[in-house]
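What follows is a short report on a single structure.
Only heavy atoms go into these numbers, but all of them, side chains included; no hydrogens, no water, no symmetry mates. Numbering of ligands and ligand atoms starts at 1, following listing order.
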Amino acid sequence: MKKPGNATDPLWYKDAVLYELHVRAFFDSNNDGIGDLPGLIQKLDYLQDLGVTCLWLLPFFPSPLKDDGYDISDYLNVHPMYGTIEDFKTFLDAAHDRGLQVMIELVMNHTSDQHAWFERARQAPKGTPERDYYVWSDSDQKYGNARIIFTDTEKSNWTWDPVAQAYFWHRFFSHQPDLNYDNPRVVEEMFQVVRYWLDLGVDALRVDAIPYLIEREGTSCENLPETHLLVKRLRQEIDANYESRMILAEANQWPSDVRPYFGEGDECHMAFHFPLMPRIYMALRQEDRLPITDIMAQTPEIPGTCQWALFLRNHDELTLEMVTNDERDYMYLAYSGDSRMRVNLGIRRRLATLVDNNRRRIELLNSLLFSFPGTPVLYYGDEIGMGDNIYLGDRNGVRTPMQWTADRNAGFSRASPARLYSPVIMDPILGYEAVNVEAQQGDPSSLLGWMRNMIALRKLFRVFGRSTLEFLHPSNRKVLAYLRRDDEQSVLCVANLSRFAQPVDLELPELEGAIPIEMLGYVDFPPIGKQPYRGCATYKVRSSSFLFLWI
Ligand code: GLC
Ligand code: CA
């Protein structure tokens, strides 16, 4: 008997709106300065009211927290700072009761160097299965074609271990040894982790750092055929035992390299579209649709049961790995005037600060996010336009406490401010006194109110999550126009990427006779005739704006 999931439709993730949050940053129930699971439970009403449908929790497992929990020391438990496994079950039930799905992290590629497996491995004799839980070498020259990812902190993918008297392999921090998936015991161990959480009822797993699972000499050690075989086995394991679950690939790669992670519908259900994200920002700054249409032209078709995950920002830097050198230079120049805004190959800022807190641009970018083919993923705090703190190290500047009220500690915690895991944002414009949930809930024209409407609109029209994308080709390249349609509905989306109002003529011969309705205000637009459609130019394509027409 397969174990049912909470969602009834097995393709639930296609219509989902994901909300990414860190338990630590959300709400502190016991006033020790650190957000926790009971605190998150208290805020489920807020999330339900916002309208998001699936909560993505960043790692909450026991960990020395040198990489914010992506350095796991026990996969089968909860970090005591955040609560207990019972608290997690209570949270999961409470979320499910509200019809919300829950996605957690499956950090398969590496563990913390404080995991018991690593302690055992470094002491075990060479050649034993215990030792071979990790990837060891006598030389640090092996797999020399693999790039370094955390270029700011790491000089090599090998680190000498004095206990083992050998080098161990790590694609990320040197305290994060990579697991060795050539060892069948490691595979079985990780499948047990998967079963543990899916048995509890978790709906989805984000498979962290999926391209790096297996390494081979003479290759980049990314996206290897052996890695895909392993992902297929993972999927079989899930499909054989569970219903309505989903796995999402974190593969920061070009679209053609991400495509195989969907397999023939037999690998991951979803994958993030990494290259699209920086190009949305590029198109906005260049006031030119080309970066977007270009990357979409390079995006292959995916199997019918699969879906892209789209995002504007997340807990990491705005990564510039999947752009050309020229494009990276441009992005640095355009979006990170201060070098403190940069980390590794990317920009560590939030959505609001990236667009100079320009409300229209925030709305424009979110409109694109919500109408492009895929499932939108929101990053906590961006729905109210929270700011960041570039004086905090690594990526911590975008991981500050959620801003609930204008009270002490942003209403996040009643601990002494010095005790908070991170200072709250205190900037005069984007700090918690100006930007917080409570104030925006009382203001019908707030960004939060707008986001709530946008989420509701998206959920009302299945066409957004499930249909094709066709670009129109108006001569004015500052305008990005596209149709989303299925058998029943068509939506025409028109984005003005420019700071100024723009004229545009849209050729819509197949839709002649239709009467579009503007979807936010239910306003009838002039019928589409034989001439190019100008309704938009006349009525709405003002600067940095977006128009949804239901046809
Ligand atoms: C993923 C996470 C990132 C983490 C890295 C190493 O890329 O998104 O936050 O640092 O994996 O675990
Ligand atoms: Ca706490």
Which ligand 1 atoms are under 4.0 Å away from a heavy-atom of [X]?
X	result
Gln176	12 (O)
Asp316	2 (C), 3 (C), 7 (O), 8 (O), 9 (O)
His315	2 (C), 3 (C), 8 (O), 9 (O)
Arg395	3 (C), 4 (C), 9 (O), 10 (O)
Glu250	1 (C), 7 (O), 8 (O)
His110	6 (C), 12 (O)

_Side-chain heavy-atom pair Cys306, Met270 within 4.5 angstrom cut-off_ = no

Can [X] be said to touch ligand 1, with heavy atoms closer than 4.0 Å?
X	answer
Arg399	yes
Phe173	no
Arg171	no

*asked:* Counting only heavy atoms closer than 4.0 Å, does ligand 1 sit against the backbone of Phe272, its side chain, both, or neither?
replied: neither

*Which one holds for Arg206 and ligand 1: side chain close, backbone close, both close, or neither close, with close meaning a heavy atom under 4.0 Å?*
side chain

*asked:* What protein heavy atom lies closest to atom 4 (C) of ligand 1? Include the residue and the distance to one decimal.
replied: Asp67 OD2, 3.4 Å

Could you check whether [Y] and [X] have their ring centres less than 6.0 Å apart?
X	Y	result
Phe60	Trp197	yes
Phe172	Tyr212	yes
Trp117	Tyr75	yes
Tyr134	Trp169	no
Phe311	Phe274	yes
Phe118	Phe168	yes
His269	Tyr13	yes
Tyr46	Trp404	yes

*asked:* Going by the closest heavy atom to atom 11 (O) of ligand 1, which one wins out of Ile149, Asn109, Asn252, Asp208?
replied: Asp208

*asked:* At a cut-off of 3.0 Å, what protein N/O/S atoms sit near the Ca ion (ligand 2)?
replied: Asp28 OD1, Asn30 OD1, Asp32 OD1, Ile34 O, Asp36 OD2

*asked:* Pair Arg399, Asp68 - check salt bridge (charged side-chain N to carboxylate O under 4.0 Å, His left out), show working.
replied: CA-CA 10 Å; Arg399 300 176 178 182; Asp68 218 352; 2.9 Å; yes

*Could you pull out the closest heavy-atom pair between Lys142 and Ser137, with the gap in Å?*
CD-OG, 3.8 Å

*Tell me, with the steps shown, if His110 and Tyr70 meet ring pair (Phe, Tyr, Trp, His ring centres under 6.0 Å).*
CA-CA 8 Å; His110 47 268; Tyr70 281 97; 7.6 Å; no

